[in-house]
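To start, the structure itself, in structure tokens.
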Amino acid sequence: MDKNMTISEVEQTYIDDLNMLDDWFLQYEYLLEISSDMQTIPKNEKTDENKVKGCQSGVWLVLKCVGDKLHVEADSDALIIRGILAIIVGIFDGRSKDEIASFTPSFIEKTNIKKQISTDRFNGINSVMDTIINFAKEN
């Protein structure tokens with residue numbers, strides 16, 4: 001994504017892309033495609049400390065501050081979740097801590113994703129976003 005876009009504009013691009021695809025199978029393919037472009041977290045970073053609590057599948061999140069910018073890495077052993085994580089990384093990675101701290105993500109509610117994943121997975125994804133936003137507020 002274009003880093004000159006605001007965090008809301010980047011999120012809206014993902015919302016538009018997903019909503020343009022009129023069935024869940026096409027959306028699933030889109031999520032798989034964008035997840036293939038996302039780097040995996042190295043095995044030595046897949047620790048209990050980096051594992052997101054409350055996720056049905058294995059989800060790891062590595063957050064680092066580089067100056068005022070937040071660097072976000074995420075990974076999952078579940079393909080559909082990895083695709084959703086690719087959206088989250090695309091939205092949050094490289095953004096200023098202030099921009100992240102004041103942002104309320106809405107792409108789950110504004111797309112078909114919420115209807116297609118279980119409540120546990122939905123809660124896990126929200127936990128990932130809450131963790132990123134809280135990290136930005138605290139650092």
Side-chain angles (χ1 to χ4, degrees):
M1 285 289 156
D2 182 355
K3 292 299 179 184
N4 292 322
M5 296 169 71
T6 67
I7 195 169
S8 295
E9 290 169 336
V10 170
E11 182 189 47
Q12 188 60 50
T13 299
Y14 285 113
I15 292 168
D16 293 344
D17 288 351
L18 283 163
N19 287 338
M20 186 175 53
L21 303 170
D22 58 358
D23 77 31
W24 175 240
F25 183 74
L26 293 173
Q27 292 172 355
Y28 185 78
E29 283 184 341
Y30 171 81
L31 292 172
L32 291 178
E33 183 180 318
I34 63 171
S35 73
S36 67
D37 295 335
M38 187 174 72
Q39 292 183 343
T40 59
I41 291 178
K43 282 188 178 190
N44 66 325
E45 298 253 16
K46 289 186 176 180
T47 62
D48 284 343
E49 182 180 301
N50 291 334
K51 192 166 186 175
V52 178
K53 311 304 183 255
C55 287
Q56 190 175 33
S57 54
V59 174
W60 295 269
L61 186 62
V62 178
L63 303 172
K64 297 175 185 164
C65 290
V66 180
D68 184 46
K69 305 287 183 192
L70 189 61
H71 181 65
V72 179
E73 293 178 85
D75 204 354
S76 177
D77 53 17
L79 292 176
I80 188 72
I81 298 303
R82 186 168 158 72
I84 297 169
L85 290 172
I87 292 174
I88 292 169
V89 169
I91 292 170
F92 289 104
D93 186 49
R95 297 286 165 186
S96 74
K97 293 180 283 185
D98 288 342
E99 189 175 18
I100 292 170
S102 64
F103 179 67
T104 303
S106 61
F107 76 93
I108 297 276
E109 290 81 15
K110 292 182 178 179
T111 64
N112 203 26
I113 291 174
K114 185 175 181 178
K115 296 176 191 167
Q116 299 299 330
I117 60 175
S118 69
T119 301
D120 288 342
R121 287 195 164 162
F122 172 75
N123 291 337
I125 291 299
N126 277 328
S127 178
V128 168
M129 292 187 288
D130 289 345
T131 299
I132 294 168
I133 292 168
N134 288 334
F135 186 88
K137 289 177 179 177
E138 295 168 2
N139 290 286

With ILVMFWY side chains joined below 4.5 Å, transitively, what does Ile41's cluster contain besides itself?
Trp60, Val62

Does anything in residues 99-112 form a salt bridge (Lys or Arg N to Asp or Glu O under 4.0 Å)? List the pairs, not counting sequence neighbours.
Arg95-Glu99

Note: Ile88 and Met129 closest approach over all heavy atoms is CD1-CG, 3.8 Å

How long is the gap from CD1 on Ile84 to CG on Leu18, to the nearest 0.5 Å?
9.0 Å

Does the side chain of Val72 reach to within under 4.5 Å of the side chain of Leu63, using non-hydrogen atoms?
yes

Just wondering, do Pro105 and Ile133 contact through their side chains at under 4.5 Å, heavy atoms?
yes

Among residues at least two apart in sequence or on other chains, which ones pass salt bridge (charged side-chain N to carboxylate O under 4.0 Å, His left out) with Lys64?
Glu45

Got a second to check how far Ile125's CD1 is from Ile81's CD1, nearest 0.5 Å?
4.5 Å

Not counting sequence neighbours, which residues clear side chain to side chain contact (heavy atoms under 4.5 Å, CB included) with Leu21? List them please.
Leu26, Gln27, Tyr30

Check ring-ring contact (aromatic ring centres under 6.0 Å, His included) between Phe135 and all other residues, then give those that pass, not counting sequence neighbours.
none

Compare every heavy atom of Leu70 with every heavy atom of Ala136, then report the nearest pair and how far apart it is.
CB-CD2, 4.3 Å

Kindly give the cluster partners of Phe25, where membership spreads through any ILVMFWY side chain lying under 4.5 Å from a current member.
none

CD-NZ distance between Gln116 and Lys114, expressed to the nearest 0.5 angstrom
13.0 Å

A side-chain contact here means heavy atoms from C-beta on lying under 4.5 Å apart; do Ile7 and Ile100 qualify?
yes

Got a sec, which pairs hit side-chain hydrogen bond (donor to acceptor under 3.5 Å, both in side chains) with one end in residues 120-139, sequence neighbours left out?
Gln56-Arg121

Would you say the side chain of Phe103 lies within less than 4.5 Å of the side chain of Glu11, judging by non-hydrogen atoms?
yes

Distance from Ile108 atom CD1 to Ile117 atom CD1, nearest 0.5 Å?
5.0 Å

A side-chain contact here means heavy atoms from C-beta on lying under 4.5 Å apart; do Phe107 and Ile113 qualify?
yes

Counting only heavy atoms not in Asp48, do more than 12 fall under 6.0 Å of its CG?
no

Taking only residues two or more places apart in sequence, or in another chain, which ones meet Gln12 in a side chain to side chain contact (heavy atoms under 4.5 Å, CB included)?
Ile15, Asp16

With sequence neighbours excluded, what pairs up with Glu29 under the salt bridge (charged side-chain N to carboxylate O under 4.0 Å, His left out) test?
none

Give the other cluster members for Met20, using side-chain heavy-atom distances under 4.5 Å between Ile, Leu, Val, Met, Phe, Trp and Tyr residues; answer none if it is isolated.
none

Rounded to the nearest 0.5 Å, how far apart are CG of Leu85 and CD1 of Ile80?
10.5 Å

Applying side-chain hydrogen bond (donor to acceptor under 3.5 Å, both in side chains), which residue pairs with at least one partner in residues 83-92 are found, sequence neighbours left out?
none

Within the supplied structure, the quantity of interest is the number of heavy atoms (other residues, nucleotides, ligands) at a distance under 6.0 Å from Lys115 NZ; does it exceed 12?
no

If we only count heavy atoms from C-beta on, is the Leu31 to Ile87 side-chain gap below 4.5 Å?
yes

Which pairs pass side-chain hydrogen bond (donor to acceptor under 3.5 Å, both in side chains) with one or both residues in residues 68-84, sequence neighbours excluded?
Lys46-Asp75, His71-Asp93, Asp75-Arg82

